[in-house]
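Since the structure comes first, as structure tokens, the remarks are kept for the end.
The sequence lines fix the lettering, A, B, ..., with proteins before strands; numbering per chain opens at 1.
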Amino acid sequence: MLLVLFVFLFLLFFGMPVAFAIGISGVVFFINTPDIPFSIVVQRVLVPSQSFTMLAIPLFIFAGNLMNNTGITSRLVKLANILTGHMHGNLAQVSVVLSTLMGGVSGSAVADAAMEARVLGPDMVKKGYTRGYGAAVNGLSSLITATIPPSMGLIIYGAVGEVSVGRLFAGGILPGIMMMVALMVAVDITARKKKHMPERPKAAGLKEVLKALLDGIWALLFPIILIVGIRFGVFTPSESGAFAAVYAIFVGAVVYKELTWIRFVATLKDSIVDIGGITLIISASGIFGYGIVYDRVAQNLSGVITGITQNPLLLFLLIILSLVAAGMFIETTVVALLLTPIYVPIITSVGIDPVHFGLVMMTVTTMGIMTPPLGVSLFSTSAIMGCPPEDTFKESLPFFVGILGVVAIMVLFPDLILFVPNMIFGK
Amino acid sequence: MTGMKKAYETFCKVEETLVKVFLMGIVVFVFSSAIFRTIGSPLNWAVDMSMLFFAWMVFLGADVAMRHTELVNVDLFFRRFPDKAQMGIYLLWQVLILAFLGMLVAYGVPLTIESSKRLFQTMTISYSWATLSVPVGSVLMMVTTVIKIVRTWTTKTIGRGGAGECC
Amino acid sequence: GCGQKTPDAQTGAQTGTENSAAPAADGKVYTLKMSTQMADSHPMVEGFRQLGKNLEEKSGGRLVMEVFPSAQLGSDEDVIEQAIQGVNVAVLTDGGRMGNYVNDIGIIGMPYLTDDYEDILKITQSDIFKGWEQELADDNGIRVLAFNFYDGARHFLTNKPVTKPEDLAGVRIRTPGAPVWSESIKALGATPVAMPWTEVYSAVQQKAIDGAESQYTASYSSRIYEVLKYVDKTGHFQLINGIIVGEKWFETLPEDLQTLLLEEAKAVATENARMIAGMAEEYEEKMVAEGMEIVEVDLDAFKQAADAAYETLGFTELREEIYSQIGK
Ligand code: NA
Ligand code: NA
């Protein structure tokens, strides 16, 4: 498998599309293992699309695009604007608050980052924000989306690791809010330094806030509907993507009346292009994954890791480091697919709660979308804002500090994560 | 406009419409499967049906994505090379992609035929209907790749933005 | 590093005959990867490990079997396909999946076909069963190593006591998706819901379904007693399982290893099955200790209800034929 990894990195760094870099390096394993006929490559490339859990991915991409075209997003932008207008760097604060609000309806950080860079980016440039700063704020605050339920990453972690997705969802609420606070502090500090003054002298009045709240009530209600729906068995977490899509269509067409047939078809078109690119990567990872199991890489690796230390905290840190490293190179979903089955048995064996671990794991791994060399959101937000990724990364550092601070709290105080799931689903 | 080009554009439109139908179909199946289970008359076939649609959505959708965008890649190092080297590597990669897709076709067709007795879990239809999506999607992606290669070769610029303006 | 250098499995048919001419002389190590959806802790997986140990010992290290629990190599359907294609995998399967290849073998997954493990043993040793095995090998590339693994009887698990088929009216019971399962559950009076076993616990908890039907080994290890109250002792399915490999790979083995593999698999299966059959009472006590109640049911009523499934799936006559062969 070392050869496979080498081929993968080589192809990746010389500009081969990620999907094919994964697929072709995966084939190297089959060439190297004459016991397995190539027809199994075909089987493995099909397998990820035969998992009910994976269906959540296209459904959430579609749901996210629908929100943006049905007036849900624009109402949330307005609400975020009113809530943060009196703060320094209020457009950046809007991005943080918006990601928190959007988190309740969207399961994808990547989609959220691109959407917000598109929506908020032009205004940021007009108000004199550097392009890199804008890309950094929109990109990193999108991580909140992946923590607040629903979250695609948590669905995959739960399905692969056989951990209750309902509990994972509930566990994401408090960390999401902590992340919002940490990032708002980071924005405040950086914005004061950059002299991005508030837009309005004082906080908006209660009446104005209430009106905006009421206007956005349909979006704000969704996360509650979602958790209640799962709690009372109307749908399973794997099905929540379909509910998000139907909900967005309903709100857009019936309540806000902004979703026309033409808009709907255009949204479908955008969605299939987004979905095609991402699901091809996931399918290709099916080839790669077979080699990992066949050669017992997981067992060997876990032997190495537990050989280094048996101390839970040290083990946790070691695993976090490896996840940060993996997230730098590999797509979030692929990391979740490949490493969850390796790590969950290890951490449960030293007594760490798998819900606790899952939230830390997915937060850290999702961070990889904003780190070089391969950060999907780092590239997309930079491209949308029109700056080199290097600039974005430099401006990102204060926000990384904020997020890593939250991760440290999450690791050290498991009860902060487990409190809500224990309350909703019992111990 | 040549007949060939027109036919290809028609094909693109049909392909995109199909993928849209698959996506909407999945939404409908998954949603109604949950609703009907809640009211006590579950549609057990709906899950398998959405899987079948998923397979086709992935492999036809990948072709649509390939035509409309350059797929996600890491060009941090790549774009530091001189233009000629970039073009050479780009073409080399496209040929490698062709070989990879060709392999999926060459082994996918026999697998589809040989495993025709394998059934979906709840629908008594052959799983080959799902397997078939791999070789079919791969053939279509090969066509798209060839168009990209030809375009890059004739215009001497790396084809940012995909292979077709149709649809 | 990956890949021990062994000849292409595709050409196995020829090398197989060569090998049988000079058994044990090639000094090659054959590796078999045994796949199952069952979790590592399942007592049957212990049996697979035992089989691996026996094979390695008795072949002098020439035949090695690695166990891959929890569907690591793919779903059972995937691994069956891999085996047919020539990969060196074995997989634990039920009769229903084999029924896709040889329709009649599906009957061993039908409700109340047998009452206990000894009946099962008789069926798997009958001429009619040997005919099916032959058909699987000759026409479908599937080699049965042993079809006498046993995972116990399946009972309904519900939140209200069930004693007769009518009690199941409108009750949503999770069952695997294949027609044999869902038709049978329907015949026994319940509404079958197909979903992966791993989702059952939360689906019951969240009332997406009202219960399940399962064997003790699975229901105990997945802590189903935390969300369900009653074990309704219907024993409607006797879970017969088999290990299969691909004929292509099997043919690459020297003859002595083929014989060893077939014999050992059957022997270990019998031993393992008797152990699991003997654990039923122990499991029952454990379930009661965890707060479940065991409900005795009107067995005759359920058996009668099951006939409808035989009619629907066209197995009525075949059942008579089997009974006459095993003298039941
Ligand atoms: Na944001
Ligand atoms: Na979310």
Side-chain angles (χ1 to χ4, degrees), chain A residues 11-21 23-24 27 37-43 45-46 48-52 54-55 58-59 62 229 233-236 238-239 241-243 245-246 249 265 268-269 271-283 329 331 372-374 376 379 389, chain B residues 16 19-20 22-24 26-31 33-35 37-38 47 50-51 54-55 57-66 68-79 86 89-90 93 96-97 99-101 103-104 106-108 110-112 114-115 127 130-131 133-135 167:
Chain A
L11 293 175
L12 192 68
F13 287 129
F14 282 87
M16 172 73 90
V18 179
F20 289 105
I24 292 169
V27 169
F38 282 109
S39 53
I40 303 308
V41 175
V42 180
Q43 183 193 79
V45 90
L46 181 64
S49 72
Q50 293 303 298
S51 147
F52 196 59
M54 290 299 153
L55 263 181
L59 291 174
F62 183 39
V234 182
F235 44 90
T236 64
S238 316
E239 291 162 346
F243 271 82
V246 171
I249 293 173
V265 174
L268 264 176
K269 170 73 185 278
S271 303
I272 62 168
V273 173
D274 293 350
I275 291 168
I278 291 175
T279 51
L280 186 64
I281 294 177
I282 294 166
S283 293
F329 294 100
E331 243 270 330
L374 173 64
V376 187
F379 298 148
Chain B
E16 284 178 19
V19 181
K20 287 177 194 163
F22 292 144
L23 176 57
M24 259 332 279
I26 291 171
V27 172
V28 170
F29 289 139
V30 176
F31 183 81
S33 137
I35 295 295
R37 185 187 55 230
T38 305
V47 169
S50 53
M51 299 296 188
F54 193 10
M57 181 177 75
V58 169
F59 292 100
L60 294 188
D63 184 42
V64 174
M66 217 173 174
H68 284 278
T69 62
E70 280 299 315
L71 299 170
V72 187
N73 62 45
V74 181
D75 60 358
L76 223 53
F77 304 98
F78 185 69
R79 62 192 162 94
Q86 281 193 27
I89 295 172
Y90 179 83
W93 283 172
L96 203 54
I97 289 172
F100 172 72
L101 293 169
M103 193 206 74
L104 290 180
Y107 289 92
L111 182 71
T112 305
E114 283 165 26
S115 64
Y127 186 74
T131 312
S133 67
V134 179
C167 328

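Here the OG-CD distance, from B:S133 to A:Q50, works out to 7.5 Å after rounding to the nearest 0.5 Å. Interatomic distance, B:L23 CG to A:K269 NZ, rounded to the nearest 0.5 Å: 14.0 Å. Between the CG atom of B:L111 and the CG atom of A:L46 there is a distance of 9.0 Å, given to the nearest 0.5 Å. Separation of atoms CZ (B:R37) and CZ (A:F235) is listed at 10.0 Å; rounding is to 0.5 Å.
With a threshold of 4.5 angstrom between heavy atoms, B:F59 approaches chain A through side-chain atoms but not through N, CA, C or O. For A:L11, the parts sitting under 4.5 Å from any heavy atom of chain B are the backbone and the side chain alike. Using a 4.5 Å cut-off between heavy atoms, A:V27 touches chain B through its side chain atoms alone. Interface remark: A:L59 contributes side-chain atoms only to the contact with chain B (heavy atom separation under 4.5 Å). Using a 4.5 Å cut-off between heavy atoms, B:F100 touches chain A through its side chain atoms alone.
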**Report entry** B:I97/A:M16 under side chain to side chain contact (heavy atoms under 4.5 Å, CB included): CA gap, chis, key distance, verdict
**Finding:** CA-CA 9 Å; B:I97 289 172; A:M16 172 73 90; 3.8 Å; yes
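No side-chain heavy atom of B:V19 sits under 4.5 Å from any side-chain heavy atom of A:I275. Side-chain contact between A:T279 and B:F54: present, with at least one pair of heavy atoms (C-beta onward) separated by less than 4.5 Å. Between A:I272 and B:F22, every side-chain heavy-atom pair lies at or beyond the 4.5 Å cut-off. With a 4.5 Å cut-off on side-chain heavy atoms, B:V58 and A:P48 do not count as touching. At a threshold of 4.5 Å between non-hydrogen side-chain atoms, the residues B:I26 and A:P58 do not count as touching.
Side-chain atoms of B:W93 come within 3.5 Å of backbone N or O of A:F14 as a donor-acceptor pair.
Taking chain A as the reference chain and counting heavy-atom pairs below 4.5 Å, the highest number among B:L96, B:L101, B:T112 is found for B:L96. Counting heavy-atom pairs under 4.5 Å between each of B:I89, B:D63, B:V47 and chain A puts B:V47 at the top.
Annotation for B:A65 and A:G276: closest pair CB-C, 3.8 Å, computed over non-hydrogen atoms. Taking each heavy atom of B:A55 and A:S49 in turn, the nearest pair found is CA-OG, 3.7 Å.
A tilted orientation is assigned to the rings of A:F38 and B:Y107, their planes being inclined by 30° to 60°.
By the side-chain hydrogen bond (donor to acceptor under 3.5 Å, both in side chains) test, A:S51 is found to be paired with no residue, residues two or more places apart in sequence or in another chain being considered.
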